[in-house]
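First the proteins, then the strands, lettered A, B, ... as listed; each starts at 1.
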Amino acid sequence: MPELPEVETIANGVDRRVRGDRIVKAWFSHYREPFKTPPAAMAETLPGLRISRVRRVGKHIVIDLAAKKQLLVHLGMTGRLLVAAPEVPVPAHTHAILQLGSGRELRFVDPRRFGRLELLEGAAFAGPGSEPLTIGIDEFVALFRGRKLAIKAALLHQSLLHGVGNIYADESLFRAKIRPTRAAGRLNRERLGRLQKALRTVLEAAIRAGGSSVSDYVDADGEAGFFQIQHRVYGREGLPCRVCGTPIRRIVLGGRGTHFCPRCQT
DNA sequence: CTGACATCCTGACGGC
DNA sequence: TGCCGTCAGGATGTCA
């Protein structure tokens, strides 16, 4: 489940490998998804364009191209963006192959097709919400003002903060000692301040943890799973809280599995 | 507008 | 062992 740290790490890894390279040819699968831009239009436009940079915005990978064009990649649940030599076998569920001037290929693989590919022309992509790593406390507090939905659901709302997914929402709420079901608009500034700091801390720790293993995701066949920092609550239902020993509880909130310590988080 | 919920999709996993 | 049902969730669309 790629969230901000995984997307950041993958974008950086791909950037190092393809920056400055030129797209020679573009191939796409015949499925309707994961394409937001018709594949025929992308196959027409992309060849000849140089890749100036690959970066992350929210959970999107932005491939900056010449002529103010941008290829947007969203990995969804199961998407992978791989850099491979042509002789490396093409994995099942490959939906895009960009042949590069260097001889390498940039491949997009996505079994469940929850991911998205989109070609933008003109305006720089800014993402749907605010950046969790750089947002200030005042803006952070303002995001949730007056909102009645649960803070966990609010954290997942990409038009508020983009890049936060289910795992780091749970992990940051645990570190901030906030119950996921609390109404977002009823949390005071002090608690929201803790949440903002916890969110940034856990995301940055995950980015650091991912730095060393990016090759497995970008260069290899993508068989390896995503790296993880040690989770304190996510996926630990029934196991003792690492702080107080109380069994971690799991509920469904906003249709998503939600994990918390009933004693530490209030 | 806000918020709740269904939908898409395949692979992993557990039970029998 | 092997089959089958269930579950996972990011973003979007629909509805109240």
Side-chain angles (χ1 to χ4, degrees), chain A residues 1-11 28-37 56-62 72-82 90-96 107-120 125-132 142-173 180-187 199 203 206 217 221-226 228 231 233-239 248-260:
Chain A
M1 292 156 254
E3 301 186 30
L4 186 154
E6 292 83 9
V7 176
E8 167 110 5
T9 304
I10 291 164
F28 301 96
S29 74
H30 66 277
Y31 289 91
R32 191 175 61 231
E33 310 291 5
F35 307 110
K36 285 184 84 171
T37 302
R56 176 196 65 79
V57 174
K59 282 182 214 173
H60 291 265
I61 297 169
V62 182
L72 246 52
V73 180
H74 196 295
L75 300 176
M77 292 285 298
T78 53
R80 301 193 303 266
L81 194 60
L82 307 173
V90 174
H93 309 290
T94 296
H95 296 290
R107 299 171 175 175
F108 177 70
V109 183
D110 187 10
R112 279 162 87 170
R113 307 204 295 279
F114 277 20
R116 292 292 179 266
L117 290 182
E118 181 177 16
L119 180 62
L120 293 184
F125 180 70
S130 299
E131 266 294 326
L143 287 179
F144 305 108
R145 192 165 292 144
R147 302 213 167 250
K148 292 178 178 168
L149 82 169
I151 184 62
K152 161 75 182 280
L155 284 175
L156 295 178
H157 214 293
Q158 300 293 298
S159 65
L160 298 177
L161 285 170
H162 57 206
V164 182
N166 203 40
I167 295 174
Y168 297 107
D170 282 2
E171 292 296 312
S172 61
L173 286 167
T181 49
R182 292 283 173 237
R186 300 193 96 91
L187 294 168
L199 186 56
L203 291 174
Y217 308 94
D221 56 12
E223 285 305 306
F226 281 107
Q228 294 179 345
H231 298 147
V233 287
Y234 185 84
R236 298 194 65 245
E237 180 185 14
L239 297 172
I248 297 301
R249 190 177 298 169
R250 181 185 189 274
I251 60 174
V252 175
L253 200 165
R256 297 291 168 261
T258 297
H259 313 74
F260 65 97

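Remark: dG10(C) base-pairs with dC8(B); criterion is Watson-Crick or G-U wobble with both hydrogen-bond distances under 3.5 Å.
Contact between Gly115(A) and Asp110(A) at its shortest, heavy atoms only, is N-OD2, 2.7 Å.
Residue Gln158(A) is classed as a sugar-phosphate contact, given heavy-atom separations below 4.0 Å to backbone atoms only. Across all strands, Arg116(A) comes closer than 4.0 Å to no nucleic acid atom at all (heavy-atom distances). Within 4.0 Å of Gly254(A), counting heavy atoms only, lies no atom of the nucleic acid at all. Using a 4.0 Å heavy-atom distance criterion, Arg145(A) is classed as making no nucleic acid contact.
Here dA11(C) presents its P atom at 11 Å from CG of Leu4(A), a figure rounded to the nearest Å. Counting to the nearest Å, the P atom of dC7(C) and the CD atom of Glu237(A) are 13 Å from each other. Protein atom NZ of Lys59(A) is 9 Å distant from nucleotide atom C1' of dA11(C), rounded to whole Å. In this structure, the CZ atom of Arg112(A) is 11 Å from the P atom of dA8(C), given to the nearest Å. Counting to the nearest Å, the P atom of dG9(C) and the CG atom of Asp110(A) are 17 Å from each other. Computed from coordinates, the Leu72(A) CG to dG10(C) P distance equals 18 Å when rounded to whole Å. Atom NE2 of His157(A) is separated from atom C1' of dG10(C) by 12 Å (rounded to the nearest Å). Atom CG of Asp170(A) and atom C1' of dA8(C) are 14 Å apart (whole Å).
Legend: residues meeting ring-ring contact (aromatic ring centres under 6.0 Å, His included) with His95(A), ordered by chain and number and at least two apart, are Tyr31(A).
The backbone N or O of Gly58(A) sits less than 3.5 Å from a side-chain atom of Glu131(A), completing a donor-acceptor pair. At distances below 3.5 Å, not a single donor-acceptor pair connects side-chain atoms of Glu118(A) with backbone N or O atoms of Val73(A). No donor-acceptor pair closer than 3.5 Å links the side chain of Glu33(A) to the backbone N or O of Phe114(A). A distance-only check finds no donor-acceptor pair linking the side chain of Glu8(A) to the backbone of Arg56(A) [under 3.5 Å]. Between the side chain of Glu237(A) and the backbone N or O of Gly235(A) there is no donor-acceptor pair closer than 3.5 Å.
One finds no side-chain N or O of Tyr234(A) lying less than 4.0 angstrom from the OP1 or OP2 phosphate oxygen of dA8(C).
Taking the side chain of Arg256(A) as heavy atoms from C-beta on, and the options dA8(C), dT12(C), dA11(C), the nearest nucleotide is dA11(C).
For Leu149(A) and Phe114(A), each mapped to the nucleotide of DNA chain B holding its nearest heavy atom, the one lying further toward the 5' end belongs to Leu149(A).
Taking every nucleotide of DNA chain B with any atom under 4.0 Å from a non-hydrogen atom of chain A, the first and last of them, 5' to 3', are dT2(B) to dG11(B).
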